[in-house]
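Here, residue 1 is the first one in the sequence, and each next residue gets the next number. Heavy-atom basis, side chains included; hydrogens, waters and symmetry copies ignored.
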Amino acid sequence: MASDDLIEIEGIVKEVFPGGNFLVQTEAGSEVHAHLAGKLRRFHIRVVLGDRVTVAVSPYDLTKGRITFRHK
C-alpha cells in the first residue's frame, strides 16, 4: 500500500509495550496498536508515555498503525 493511502490520526500514547510497540488513544476515542516508523528509530526519537503523536493507519484495519511523528 502506498503511503498516500494511509490515514493520519493524532493521539496520545497511553501504554508502552516492549519492542517499540505502543497503545495510542486517538482523538476520536479509538485505540490503535502502533509501532515506531523507521525514521524515528534511525534518529533515536524517544516516544514516552503521554506524548502526543501522529499515527498513520491503514483504511482496511483501523486498529493497527505506525507512529510517524512526535509533537513537541
Side-chain angles (χ1 to χ4, degrees):
M1 172 174 288
S3 63
D4 299 343
D5 300 335
L6 298 176
I7 302 167
E8 290 198 345
I9 304 171
E10 287 190 16
I12 297 175
V13 176
K14 289 295 178 186
E15 197 169 343
V16 180
F17 298 113
N21 294 315
F22 302 89
L23 182 66
V24 178
Q25 180 78 34
T26 64
E27 293 175 343
S30 61
E31 292 184 341
V32 177
H33 290 277
H35 62 275
L36 285 178
K39 290 266 184 178
L40 293 174
R41 281 193 211 137
R42 180 178 173 202
F43 294 110
H44 304 289
I45 305 295
R46 301 282 180 211
V47 177
V48 294
L49 192 67
D51 279 350
R52 217 172 95 229
V53 295
T54 299
V55 181
V57 179
S58 167
Y60 300 110
D61 187 4
L62 299 174
T63 63
K64 295 178 186 167
R66 179 185 314 122
I67 297 175
T68 57
F69 188 76
R70 179 182 154 257
H71 297 275
K72 293 185 178 188

Hphob cluster co-occupancy, [X] + [Y], side-chain heavy atoms under 4.5 angstrom:
X: Leu6; Y: Val55; answer: no
X: Ile9; Y: Ile12; answer: no
X: Phe43; Y: Phe22; answer: yes
X: Leu62; Y: Val32; answer: yes

Exercise for review: State the CD-CD distance between Gln25 and Glu15, to the nearest 0.5 angstrom.
Suggested key: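 Between atom CD of Gln25 and atom CD of Glu15 there are 11.5 Å.
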Point to revise | Point-to-point distance, once rounded to the nearest 0.5 Å, from CD1 of Ile67 to CD1 of Ile45 | key: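 Result: 12.0 Å between the selected atoms.
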Check your understanding: Above 12 or not: heavy atoms from other molecules or residues under 6.0 Å from CZ of Phe17?
Key ->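 Result for CZ/Phe17: enclosed.
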Review point. If you draw a 6.0 Å radius around CZ in Arg70, do more than 12 non-hydrogen atoms from other residues or ligands fall strictly inside?
Key: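 Atom CZ in Arg70 is packed in, count exceeds 12.
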Exercise for review: Heavy atoms only: give me the nearest Thr68-Ala37 pair and the separation to one decimal.
Suggested key: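 Closest pair (atom of Thr68, atom of Ala37, distance): CA-CB, 4.3 Å.
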**Study point:** Exercise: identify the closest heavy-atom pair between Val47 and Leu36
**Key:**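 For Val47 versus Leu36, the nearest heavy atoms are CG2-CD2, 3.7 Å.
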**Study point:** Partners meeting ring pair (Phe, Tyr, Trp, His ring centres under 6.0 Å) with His71 (sequence neighbours left out)
**Key:**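 His71 satisfies ring pair (Phe, Tyr, Trp, His ring centres under 6.0 Å) with Phe69 only.
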Review point. Tell me, which pairs form a side chain to side chain donor-acceptor pair (under 3.5 Å) where one or both residues lie in residues 28-46, sequence neighbours left out?
Key: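 Found Thr26-Ser30.
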